[in-house]
> 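Sending over a structure as structure tokens; questions will come in a sec.
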Protein chains: 2
Amino acid sequence: MVTLKQIAEELGISVATVSKALKEYSDVSKRTRVLVRETAHRLNYKPNSFAVNLRTKESKTIGIIIPEIVHHFFSSVIKGIVSQAEKKGYLVIMLQSNESYDLEKKQLDLLISKRVDGILISLANATGNFDHIKNVISQDIPLVMFDKIAKVVNCSKVIIDDRKAAYMATQYLINIGCKKIAHFRGPLLPQNSIDRFLGYKQALLDNNITYDSSLVYINECSDKSFEEGKKNAKQLLKDHKDVDGIFINTDLVAIGAMTLFLEKGIKIPEQINIVGFSNWFMSSVISPSLTTVDQPGFKMGKKAFKILYKEMMTKKKNKNFDYKQVVLDTELVIRDSTNN
Amino acid sequence: MVTLKQIAEELGISVATVSKALKEYSDVSKRTRVLVRETAHRLNYKPNSFAVNLRTKESKTIGIIIPEIVHHFFSSVIKGIVSQAEKKGYLVIMLQSNESYDLEKKQLDLLISKRVDGILISLANATGNFDHIKNVISQDIPLVMFDKIAKVVNCSKVIIDDRKAAYMATQYLINIGCKKIAHFRGPLLPQNSIDRFLGYKQALLDNNITYDSSLVYINECSDKSFEEGKKNAKQLLKDHKDVDGIFINTDLVAIGAMTLFLEKGIKIPEQINIVGFSNWFMSSVISPSLTTVDQPGFKMGKKAFKILYKEMMTKKKNKNFDYKQVVLDTELVIRDSTNN
DNA sequence: CTGAAAGCGCTTACAG
DNA sequence: CTGAAAGCGCTTACAG
């Protein structure tokens with residue numbers, strides 16, 4: 001590999017001058033600058049990033065930790081992050097926590113050891129203690145949480161208003177005439193699962209519909225969403241034959257539920273109205289197509305990187321930054337699984 | 001950040017000894033070793049990876065370039081790579097070529113500049129010239145291609161036998177009695193698109209069915225697969241009303257086609273048998289479920305990393321390595337979209 | 001405008 | 001068993 005030294009020797013000048021010429025410093029003569037650049041190009045010189053990192057104390061690399069890669073929403077977020085990062089000359093290291101707290105913690109350590117310039121993270125469902133995150137933040141390493149966040153942690157965040165979105169979805173079911181509305185919520189722990197549930201509950205209360213906890217179904221295992229949807233739907237039919245609407249935490253679970261209903265000959269939306277959450281692209285494609293809350297993954301990824309970038313730049317100038325919380329808009333996409 | 005120097009000063013010994021103690025070198029007294037380790041732990045010492053990289057000339061990082069992140073198959077491959085890499089202490093930088101040759105080339109340069117220890121790549125559809133890849137290989141940087149490969153490039157590869165798999169799929173359609181079998185192929189360029197087409201063609205020939213090029217439909221734009229499936233299906237109905245089987249390049253396209261047929265009241269599999277390719281998880285879930293070729297993404301990712309790892313280790317010992325080509329098994333998963 | 005020098009934080013061959 | 005020294009390849013403050 002070609003080094004500055006070799007270019008310097010080739011031209012009979014010093015390494016310092018070569019370095020400066022390559023960086024377009026103004027205190028190098030035009031002649032030298034041109035000569036150096038030509039030689040560098042001819043020898044196919046590429047700066048040794050290891051050395052650059054060591055000197056500048058930056059890696060121009062960020063890390064991202066998500067619970068699950070094989071997931072339409074998360075991969076959209078990643079795409080948003082990677083595309084934006086590339087524009088700014090940053091590379092992205094990807095890690096998957098597998099919804100495990102221990103792994104998440106270990107991976108955070110890994111990224112710190114690698115001395116990434118910043119970290120983007122969406123929490124694992126199993127994460128209930130946030131000391132590992134706080135620890136990173138207290139070291140002044142820029143960190144932005146997205147989607148699955150911890151409200152109690154003080155840092156920048158990019159989210160949607162899950163509560164409001166769930167409220168709107170439930171209100172919509174009420175508006176089209178549903179009287180008995182069930183809710184399939186996700187696992188207990190993650191904040192957005194909680195918020196969607198709270199939105200559902202609030203909408204009922206505001207419309208003078210008594211909240212009935214037996215209408216709320218939990219699905220524990222998030223990597224078997226489709227199956228869980230079927231299971232919950234089956235149970236629902238046993239428990240409450242007269243339910244006429246369901247607000248479901250995630251599209252894939254909703255699709256599972258719809259599949260079961262169709263198998264059982266129950267008509268959607270005539271007998272049961274269904275609203276999902278996430279606007280997974282399959283949801284527009286299945287039959288009947290699914291009414292759902294659109295969750296802007298790509299946009300979220302872009303925004304999260306932008307905030308992180310600002311924090312990294314501010315830190316570089318040794319200034320302090322304020323934490324920012326961005327709430328992205330969601331939209332209820334009305335399709336054929338509800339009776340409109 | 002704590003450095004070796006600080007530990008050394010704390011204990012009144014040299015940096016060299018601290019370094020060796022931390023690395024469990026045998027020529028350090030037990031007492032010193034223990035002392036150093038305790039102090040390092042107490043001060044929360046983390047080696048500066050920038051300095052380590054510069055000295056050891058490795059980054060313990062690999063790069064991966066894929067055409068598209070938001071894609072079930074590719075995200076499965078990534079998951080396989082990331083999980084395997086983590087086991088061996090490697091971090092993974094992810095880049096997306098967006099099916100663009102120019103981007104792919106630029107990103108390869110980026111990774112080289114970052115001095116990653118190895119590269120995994122699946123080619124963009126637009127890539128027809130392979131000099132950028134050959135250039136990397138000629139620099140002795142370990143590189144493994146997977147799934148979308150270039151046959152003419154001499155390097156390690158992990159693939160499935162697309163041709164054989166397509167042959168089996170087509171043969172199956174023939175076996176269940178199809179007389180006029182169409183094929184929806186992908187874009188023209190990528191090797192696996194070509195191979196699947198050739199497998200289809202060969203199966204026809206071996207069964208004395210005349211190959212008719214008007215039965216082969218191209219879909220150009222790979223990020224609108226579902227729509228392209230519908231479009232091709234529509235065209236097919238106009239061109240060849242009597243087709244009784246279709247072998248389709250990708251599940252998502254197949255699902256698009258099925259959707260159109262169902263809309264037009266055509267019965268699957270009674271009127272048309274459909275076989276897809278990839279075994280996307282939705283394919284088992286839709287109605288009718290889709291017969292398809294299972295393409296083992298997670299396994300492919302793991303295998304690709306393993307081969308890359310071996311090459312990196314061999315290179316480290318300054319030995320030469322032979323290129324390896326691994327062909328993973330595929331399986332025809334028979335479901336309800338074919339008449340069995 | 002150019003270059004010598006120091007230093008980033010580590011590792012390792014070598015001397016003692 | 002310990003440590004001084006050199007060096008990985010850069011960047012930048014400083015002197016001239």
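Lettering of chains follows the sequences in order, A, B, ..., and the numbering in each one begins at 1. Owing to the predicted nature of the structure, the values given are computational and were not obtained by experimental measurement.
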> Just checking, is any N or O donor in the side chain of A:N53 or A:S59 under 3.5 Å from an acceptor N or O on the other one?
no
> Less than 4.0 angstrom between a side-chain N/O of A:S14 and OP1 or OP2 of C:dG3, yes or no?
yes
> Verify the distance criterion only: is there a donor paired with an acceptor across the side chains of A:Q107 and B:E86 at less than 3.5 Å?
yes
> For the residue pair B:S97 and B:S100, confirm or rule out a side-chain donor-acceptor distance under 3.5 Å.
no
> Think A:T32 has a side-chain N or O under 4.0 angstrom from the OP1 or OP2 of C:dT2?
yes
> Please check the phosphate of D:dG3 (OP1 and OP2 only) for any side-chain N or O of B:Y25 closer than 4.0 Å.
no
> Under a 4.0 Å threshold between the charged nitrogen and the carboxylate oxygen, would B:E99 count as salt-bridged to B:K148?
yes
> Given that both pair distances must be under 3.5 Å and the pair must be Watson-Crick or G-U, what runs of three or more consecutive pairs involve DNA chain D?
C:1-3 with D:14-16, C:5-12 with D:5-12, C:14-16 with D:1-3
> What integer distance in Å separates A:L4:CG from D:dT12:C1'?
13 Å
> For A:I13 and C:dA4, what is the distance between atoms CD1 and C1' respectively, to the nearest whole Å?
14 Å
> Report the distance from atom CG of A:N53 to atom C1' of C:dC10, rounded to the nearest whole Å.
14 Å
> Which residue lies toward the 5' end of DNA chain D, A:M1 or A:T17, if each is placed at its nearest nucleotide?
A:M1
> Name the residue closer to the 5' end of DNA chain D, choosing between B:A16 and B:L54 according to the nucleotide with the nearest heavy atom.
B:A16
> To the nearest Å, give me how far apart NZ (A:K46) and C1' (D:dC10) are.
17 Å
> Between D:dT12, C:dG9, C:dG3, spot the one nearest the side chain of A:K23, thanks.
D:dT12
> Rounded to the Å, how far apart are A:E58 CD and C:dC8 C1'?
14 Å
> Between B:E68 and A:K79, is a salt bridge (charged side-chain N to carboxylate O under 4.0 Å, His left out) present by the stated rule, with each step listed?
CA-CA 8 Å; B:E68 171 64 52; A:K79 187 172 171 174; 3.2 Å; yes
> Using salt bridge (Lys or Arg N to Asp or Glu O under 4.0 Å) as the criterion, list what pairs up with B:R42, not counting sequence neighbours.
B:E10
> Strictly under 3.5 Å: I want the nitrogen or oxygen pairs between protein and nucleotides 14-16 of chain C, one per line.
none

> Taking atom types as modelled, find out whether B:K105 and B:N129 have a side-chain donor-acceptor pair closer than 3.5 angstrom.
no
> From the set C:dG9, D:dG3, D:dT12, return the single nucleotide nearest to any side-chain atom of A:S19.
D:dT12
> Can you confirm whether the side chains of A:Q325 and A:S156 place a donor and an acceptor under 3.5 Å from each other?
no
> Respond yes when some side-chain nitrogen or oxygen of B:K57 is under 4.0 Å from OP1 or OP2 of C:dT11, and no when none is.
no
> When you get a sec, tell me which of D:dG9, C:dT2, D:dG3 is the closest nucleotide to the side chain of A:N48?
D:dG9
> Report yes if some heavy atom in the side chain of B:I69 is under 4.5 Å from a heavy atom in the side chain of A:I69; otherwise report no.
no
> Could you check how far CG of B:L11 sits from P of D:dT2, rounded to whole Å?
11 Å
